[in-house]
Protein chains: 2
Amino acid sequence: MAKNLDITVYLDFYGEMLTDKQREYLDYYYNDDLSLSEIAANIPFGEKGRSRQAVRDVIKRAEGQLIDMENKLGLVKRFEQVHTGLDEIIECAEIINKSNLNFGLSREINDAVIKIKAIAGSLSE
Amino acid sequence: MAKNLDITVYLDFYGEMLTDKQREYLDYYYNDDLSLSEIAANIPFGEKGRSRQAVRDVIKRAEGQLIDMENKLGLVKRFEQVHTGLDEIIECAEIINKSNLNFGLSREINDAVIKIKAIAGSLSE
C-alpha cells in the first residue's frame, strides 16, 4: 500500500470529520510513519481490529473519505491558491521595500510594507 | 423557524457534502427565500416528503450537518480571516501608491502595488 502524501494535508483540514480511531491510525501511519503491523501491534488486546489487515481496512476507508471530501469541497486547493498568492504579495512587498530604501526613503511606504509582510506572513501560517 | 443567515455561506462551502435533496431545499429556502409551504407545494406528487413538516425536517437536519461541519472544520472562519487580511493588504497598497505618487514616482513601486492589488483582489473573490 503506497503512502499518499496528500493525506497528511487532508487530515489537517478534514480530520475532524473522521472518527477518533480513523484519525489515530492515520496519524500513526502518516505522521509517525509506523507500518501497518506496528500499528496493529499497538492496539490493546481485546479491541477489535488487531490484525494488519483490519488496520489496513480502517486506513483505506479513512483515506477514501478524506479524498472524497477534497474532491467535493476543494478547500485544500483553495487554501493552496491563497498561499501562493500571499507568497507573491510578500515578494512584491520586498521589491517596494528595496526601491524605497534606495530611492525614496518614505517612512509611510516603509510602515505599509512592514504591515503587508506581517499580514501575509500570519495568514500563511 | 428562524432563518439562520450563516447557512447561505456554509452551504457555499460545505453544500457538496449534503444530498441533492437537502441542497435543493436549502437553496429554495435561503437563496430563493421560499416558505416551507411553498417548497412543499413545489415537490412533485408521489414523491416522499410533500408536507410542510417533512420539508422542515429535511432543512433542519441539513442545517445541523452544515453547522456541525463548520464547528469541526472551521474553514468558513479561516477564509473570513484571510479576506479581512487581504482587505488590509489592499489598504496598505493604496497608502504606498498615494505616497509614491506624491513623493517618489518610482515605476517599480507602482508596478508592485498594481500586482499586490490584483493578487489580493483575485484571492478575495
Side-chain angles (χ1 to χ4, degrees), chain A residues 10-19 23 65-66 68-76 78-125, chain B residues 10-19 23 65-66 68-76 78-125:
Chain A
Y10 297 166
L11 190 59
D12 187 39
F13 271 74
Y14 303 120
E16 290 301 315
M17 296 299 289
L18 301 177
T19 66
R23 255 201 321 276
Q65 284 175 247
L66 292 175
D68 181 58
M69 277 189 265
E70 175 59 12
N71 285 342
K72 284 180 173 156
L73 308 181
L75 296 171
V76 171
R78 251 167 107 168
F79 264 103
E80 281 172 352
Q81 287 165 344
V82 168
H83 275 213
T84 305
L86 290 170
D87 286 346
E88 287 169 4
I89 286 174
I90 290 173
E91 274 174 41
C92 291
E94 303 277 12
I95 290 170
I96 294 170
N97 191 38
K98 218 175 262 178
S99 182
N100 184 47
L101 287 178
N102 285 340
F103 307 110
L105 288 174
S106 151
R107 172 103 196 206
E108 215 172 15
I109 290 181
N110 189 53
D111 290 350
V113 163
I114 290 171
K115 199 169 166 196
I116 287 175
K117 286 167 71 175
I119 297 166
S122 83
L123 293 179
S124 284
E125 272 164 20
Chain B
Y10 297 167
L11 191 57
D12 186 38
F13 270 74
Y14 302 121
E16 290 299 315
M17 295 299 290
L18 301 176
T19 66
R23 255 201 321 275
Q65 284 175 246
L66 291 175
D68 180 57
M69 277 189 267
E70 177 58 13
N71 286 342
K72 284 180 173 158
L73 308 181
L75 296 172
V76 171
R78 250 167 108 167
F79 264 103
E80 281 171 354
Q81 287 166 344
V82 168
H83 276 212
T84 306
L86 290 170
D87 286 346
E88 287 169 5
I89 286 173
I90 290 173
E91 274 174 42
C92 291
E94 303 277 12
I95 290 170
I96 293 170
N97 191 39
K98 217 174 263 177
S99 182
N100 184 47
L101 287 178
N102 285 339
F103 307 111
L105 286 175
S106 152
R107 172 107 198 204
E108 214 172 18
I109 290 180
N110 190 51
D111 290 350
V113 163
I114 290 172
K115 198 169 166 196
I116 287 175
K117 286 167 71 176
I119 296 167
S122 83
L123 293 178
S124 282
E125 273 163 19

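Here is how names work: the chains are called A, B, and so on, in the same order as the sequence lines, proteins then strands, and each is numbered from 1. Worth saying up front: this structure is predicted, and the values here are computed from it rather than measured.
Both the backbone and the side chain of B/Ile89 come within contact range of chain A, each with at least one heavy atom under 4.5 Å from a heavy atom of that chain.
Put simply, the side chain of A/Tyr14 reaches to within 4.5 Å of the side chain of B/Leu73, judged on heavy atoms. The side-chain heavy atoms of B/Leu86 and A/Leu86, taken from C-beta on, include a pair separated by under 4.5 Å.
Per-residue counts of heavy-atom pairs under 4.5 Å with chain A were compared for B/Val82, B/Asp111, B/Asn97; the largest is that of B/Val82. In terms of heavy-atom pairs under 4.5 Å with chain B, the best-connected choice from A/Gly85, A/Ser122, A/Gly15 is A/Gly85. Per-residue heavy-atom pair counts under 4.5 Å with chain B were compared for A/Glu88, A/Arg78, A/Gln81, and the maximum is reached by A/Arg78.
Along residues 113-120 of chain A, the residues that come nearer than 4.5 angstrom to chain B, judged on non-hydrogen atoms, are A/Val113, A/Lys115, A/Ile116, A/Ile119, A/Ala120 in order of number.
B/Asn100 pairs with exactly one of A/Ile109, A/Asn100, A/Ile96 by the side chain to side chain contact (heavy atoms under 4.5 Å, CB included) rule, that one being A/Ile109.
Taking both residues in full, the closest heavy atoms of B/Ser99 and A/Ser106 are given as OG-OG, 3.1 Å, listed atom of the first, atom of the second, then distance. Taking every heavy atom of both residues into account, B/Glu108 and A/Ile95 meet most closely at CG-CG2, 3.9 Å.
Here the straight-line distance linking atom CG of A/Leu18 with atom NZ of B/Lys72 works out to 9.5 Å at 0.5 Å rounding.
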